[in-house]
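Okay, structure first, notes after.
Each chain gets a letter, A, B and so on, in the order the sequences are listed, and its residues count up from 1. In this text, all values refer to a predicted model and were calculated from it rather than measured experimentally.
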Amino acid sequence: MVMKYYADLHIHSKYSRATSSQLDLEHLWLWAQIKGITVVATGDCVHPGWLAEIKQKLAPCGNGLFELKPEYCCAVAAGIPPSCKGTVRFLLSTEISSIYKRDGAVRKVHNVVYLPSLDAADKLAAKLGGMGNIRSDGRPILGLDSRDLLDIVLSCDPDAFLIPAHVWTPWFSALGSKSGFDSIEECFGDLTRYVYALETGLSSDPAMNWRLSSLDSFVLVSNSDAHSPNKLGREANIFETDLSYCGILDALRNPGSRGLAGTLEFFPEEGKYHFDGHRKCGTRLHPRETIKNKGLCPVCGKPVTVGVMARVEELADRPDGAKGKRWRPYHSMIPLSEIIGDCLGVGPASQKVESLYWRLAGAVGNELSILLDAPLDRIEKTAGALVSEGVRRVRSGEVSVKAGYDGEYGIIKIFSDKERAGKKGQVNLFGDGAPAGASQAPKADSEDSAAAALPRHKKKVRTADSPHNQNAAPASAGTHAPNLNKAQLAAVNYGGSHLLIIAGPGTGKTHTLVHRIVKAAARCAANEKILAVTFTNKAAEEMRERICKLIGPELHAIVTVGTFHQFCLGILRANAAEAGIPADFRIASDDDCSAAAARAWPTAPAAERRAKLEVIGRARAGMPGEAQEDVDLYKAQLRAANVLDFDDLLEEAVRLLSKNAMAINQVRATYRSVLVDEFQDINAAQHALLTLLVKDGVSLTAIGDPNQAIYGFRGSDIRFFEQFEASFPGAATMVLSENYRSAANLLEASGHVIASGNTDSAPLLVARFLGNGRLTIHETATEKAEAEYIVHQLEKLVGGTSMFSHDSGRLDSGDTDGKSFGDFAVLYRTNAQSGPLVEAFERSGIPFQVSGEKPLAQYPFVKEAVAYLLEHAPGELGESSDTDAAAALGRFAQESPVAAMLEKDDRVGGLLDRLQHIAAFHASVQSFLDYILLQQKEEPADIRVERVSLLTLHASKGLEFPVVFIAGCEDGLVPLKREGKHFDPAEERRLFYVGMTRAKERLYLTSARRRTMYGKTIDTRPSPFVADIKEELKTYEKTAAMNVKKAAESEQTDFLGDLFLPQ
DNA sequence: ATGTGCCTTCTTTTT
DNA sequence: GAAGGCACAT
């Protein structure tokens, strides 16, 4: 059956090394579909292993044609009847691959053959032309330059073929002795019988090669230049024949037939050595100009570097545009992603381009059809007018071409910058990558309409640290009747200078601090301000909100709330000159920092640089280490780039304020009162800054909890907290001890832990939560079983039947009814533990959120799925029965080549699975989409949407949840011990304490007897911290109570193992 | 420039 | 066991 297809001819397989991986082959086919390309792997030189794989995988369907799926066929030369051999003349071309020097002469080399010895190379060179040489890495090679190659072509047996050396050599070495040749030389000598393709070293542009009448007996075809599946079809051959080996053969054999309808090509001008010239001098010469200039550069007068075009000019015996008798039409192409990139003014590999590419692929068709013949209005509808205009121009050749020369790439441009700027409004950019719901809005002015089509819900931020609103004296949040307990009130009203407030978990820390700030603001003189310092932007933002709520925007203006770094940055910006820093300095990005490190230690390997940066970071945070030299070197590099890193901000501010009296006096005059949150997390530099600020009657209020100091590893030093009274003479200390968060027994349990089981020294915390909580200890066989247990418990609690009231025998504050998902958190010591948990939650369909994880909707693949579902919304399909989310997603997965392809991309491989699990949970497409799109913003940890939170213990600080699971309560994990790493048991203990004190009503401490970590499975012992809790507070869950059937269904291996262990 | 294979490493993390 | 870095190949 004659058909039209675009063939990417692989004279060998570039994928031959991937024989063990089926994935790669499938990947190849999938891309072939997306591109609209038929992959034709031909030649004896196809790697035998690859052939074997194809044969094994695909049912052979005769005569060298193996069928994979109906759409993709692969003609393979193995198994071709011997009579077919030696009858096709492929003429393939390539660019200069290297430049080598020998005997003082520089020669451009088009092909390189690796050989066992220089002798062999020379012998072969004598036989074939070319040049034996030793590469810089010591390997003997044979280099063939264009002239040699062409001579070989012209002199060779008409029935012979030549194989490109770079194809042959790896094949030979892969075969080794099994090839039947004793030496590569013998092998090479035998080539004339088998050789298949030839590289002339001429331009890759057939139009130019047609100018050589000596090539008339050859058929010019395009060889694949695809280095990876997604580069398929950058060059291709258009066939109108049978899709079979014999079909292709006939097409090539009979120049008169239309079998070979033409070729698709790059713009050859893009090549680095197209024209002649001097890169340094900026001279780019057409070969004719070179001849006029007698081969010399008009700028420097030295001989120019001669490019491939010159060679064509030299050999051509026909004028430009001439057609040989086997001439076939050709199209010059630009890959779609480059067209889109040019339209958007961004790189072809950018996310924007990727997103638009998939959209087009889904809406219009495969890449070649988009490039060659799809209706432009359909392209415009999806990608905007600019892209469709770009495609039109490429089709008609209306592009600006600047040929490459002397190693400089040529530049092919579709739009001038001016045009692009002028037309920008017409591009349907979907700026932030949000999918367009508006398929009927053809000329949609981009961002706005696209955005409007999306439900963009602002999420309500519920503050996590919301103490005492349940049980403490109820009062409206007013300035006059703040709901403060006695201790809190005393702290707020304390009139002395410095004050340290020790505030345990759930004692209303932020609440108290905010009120003290408000109080101070009310007393502020006209030209004075209050400074409130936090560690994180999030904390600063929350504090600002709460202050604003209490005292309104006017007073709010006299309170400066910011992080340490924000404050220092402000100081430095205002006093750049005094600080000796250029006024226009930037904050160093991660890249800036590594660049500075690279300049500081140019020879050091990256790992060493990273290590140095770490040491420097610690040293600058005030931790021990003698790295001063490195610090100075690194800082000098930062300074040279006119950037300040985060540590610099603090250091430079401290330096300025300590030496410049005017600056410090101004700051002290402005900020008479300084308040610091989370004071236990302070480091040396921050402490130094505070010491500077707090003088001449400026007062400092610090609040924090030494039992929650968990950031020692990054330089925080709890001793600053402990030595507060010494550092700031005259300071008072107050303690907030009424806990409004946790049930009494949970509070007691956490007290046992922090006091190392020594009940007497537990922090004095009085429970004001009028309910009884429950502490459950549970041990499973493995981490998988642990995850299943957690999910199971969670399901029970969400179920609505109040297990809580049954278990505790008490029904208290009315919140013991069925929980919602936002009421749960699962905490763990290391992020690596999230894996099994995520899997278990996915299986169960429970909505969850892993802290710090990118929201689903940010993945291009998910965007694509969402766009598809919007476009194929039920409304549009009439009263389609198909409102079912899972079914719609299934259709997407089947119909869209994008989905099929991305599924193979292992980076996002799990995404479709995840989507499907989510879809199964939603009745309609609409609710499914809402669910996905709602989670646009990051910072999921404190946004209490209705999902279970999966967090590290560190990330849980400051949050609270009715039900908390702490997974992996095993010795070695809680506390975390790693061989060769320093170990701070006290800090680990505090960390566990932080985790425990997040729980309001229920706390589960789970562990696994066997755990796989770092690829090793080890037997574990229970956490010693758990042992510090008095037994009478613990409840042990019995495994037998588990729903065996259900558990076995969802987790077959480990769970059964758990159940069937000898009791 | 881009793939590939081998090696190392593998807490926690804000600005 | 997975991921990232690095050296090396084309």
Task: NZ/NE/NH1/NH2 to OD/OE distance under 4.0 Å, A:Lys538 and A:Glu541 - done: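 Between A:Glu541 and A:Lys538 there is no salt bridge, as every charged N stays at least 4.0 Å from the carboxylate O atoms.
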Task: NZ/NE/NH1/NH2 to OD/OE distance under 4.0 Å, A:Lys509 and A:Asp677 - done: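 Yes, this pair counts.
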- [ ] Take A:Tyr711 and A:His954 through the test ring pair (Phe, Tyr, Trp, His ring centres under 6.0 Å) and record every step on the way to the result.
- [x] CA-CA 8 Å; A:Tyr711 286 110; A:His954 281 92; 5.4 Å; yes
Write down the distance between [atom1] ([X]) and [atom2] ([N]), rounded to a whole number of angstrom.
X        : N      : atom1 : atom2 : answer
A:Glu678 : B:dT13 : CD    : P     : 15 Å
A:Leu973 : B:dT12 : CG    : P     : 11 Å
A:His954 : B:dT15 : NE2   : C1'   : 16 Å
A:Lys957 : B:dT14 : NZ    : C1'   : 11 Å
A:Asp681 : B:dT12 : CG    : P     : 17 Å
A:Arg990 : B:dT12 : CZ    : C1'   : 13 Å
A:Leu951 : B:dT12 : CG    : P     : 13 Å
A:Leu976 : B:dT12 : CG    : P     : 8 Å

Task: N or O in side chain of A:Thr563 less than 4.0 angstrom from B:dT14 OP1/OP2 - done: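 For B:dT14, neither OP1 nor OP2 has a side-chain N or O of A:Thr563 closer than 4.0 Å.
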- [ ] Using a cut-off of strictly less than 4.0 Å, decide whether A:Lys538 has a side-chain nitrogen or oxygen near OP1 or OP2 of B:dT15.
- [x]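 For B:dT15, neither OP1 nor OP2 has a side-chain N or O of A:Lys538 closer than 4.0 Å.
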Task: side-chain contact (heavy atoms from CB on, under 4.5 Å) against A:Ala688, all qualifying residues, sequence neighbours excluded - done: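 Here the qualifying residues are A:Val654.
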Task: Contacts of A:Phe983 that satisfy side-chain contact (heavy atoms from CB on, under 4.5 Å) - sequence neighbours left out - done: A:Pro975, A:Lys977, A:Pro985, A:Glu988
Task: pi-stack flag for A:Phe713 and B:dT12, centroid dist under 5.5 Å, interplanar under 30° - done: yes
Open item on the list: With the threshold set at under 4.0 Å for non-hydrogen atoms, list the residues of residues 828-837 of chain A touching DNA chain B in residue-number order.
Closed with: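 Under 4.0 Å from DNA chain B: A:Arg829, A:Thr830, A:Asn831.
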Open item on the list: Strictly distance-based, threshold 3.5 Å: is any side-chain N or O of A:Gln680 a donor or acceptor partner for the main-chain N or O of A:Phe721?
Closed with: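 Answer holds: no.
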Open item on the list: Categorize A:Tyr1014 for me: base, sugar-phosphate, or nothing, with a 4.0 angstrom heavy-atom threshold over every strand shown.
Closed with: base
Open item on the list: Side chain of A:Arg714 only, heavy atoms from C-beta on: which candidate in B:dT15, B:dT14, B:dT12 is closest?
Closed with: B:dT14
TODO: Can you figure out which of B:dC10, B:dT12, B:dT14 approaches the side chain of A:Thr536 most closely?
DONE: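 Comparing B:dC10, B:dT12, B:dT14 against the side chain of A:Thr536, the answer is B:dT14.
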Open item on the list: Testing A:Ile966, A:Leu991, A:Thr952 one by one against A:Arg829 for a side-chain contact (heavy atoms from CB on, under 4.5 Å), which residue passes?
Closed with: A:Leu991
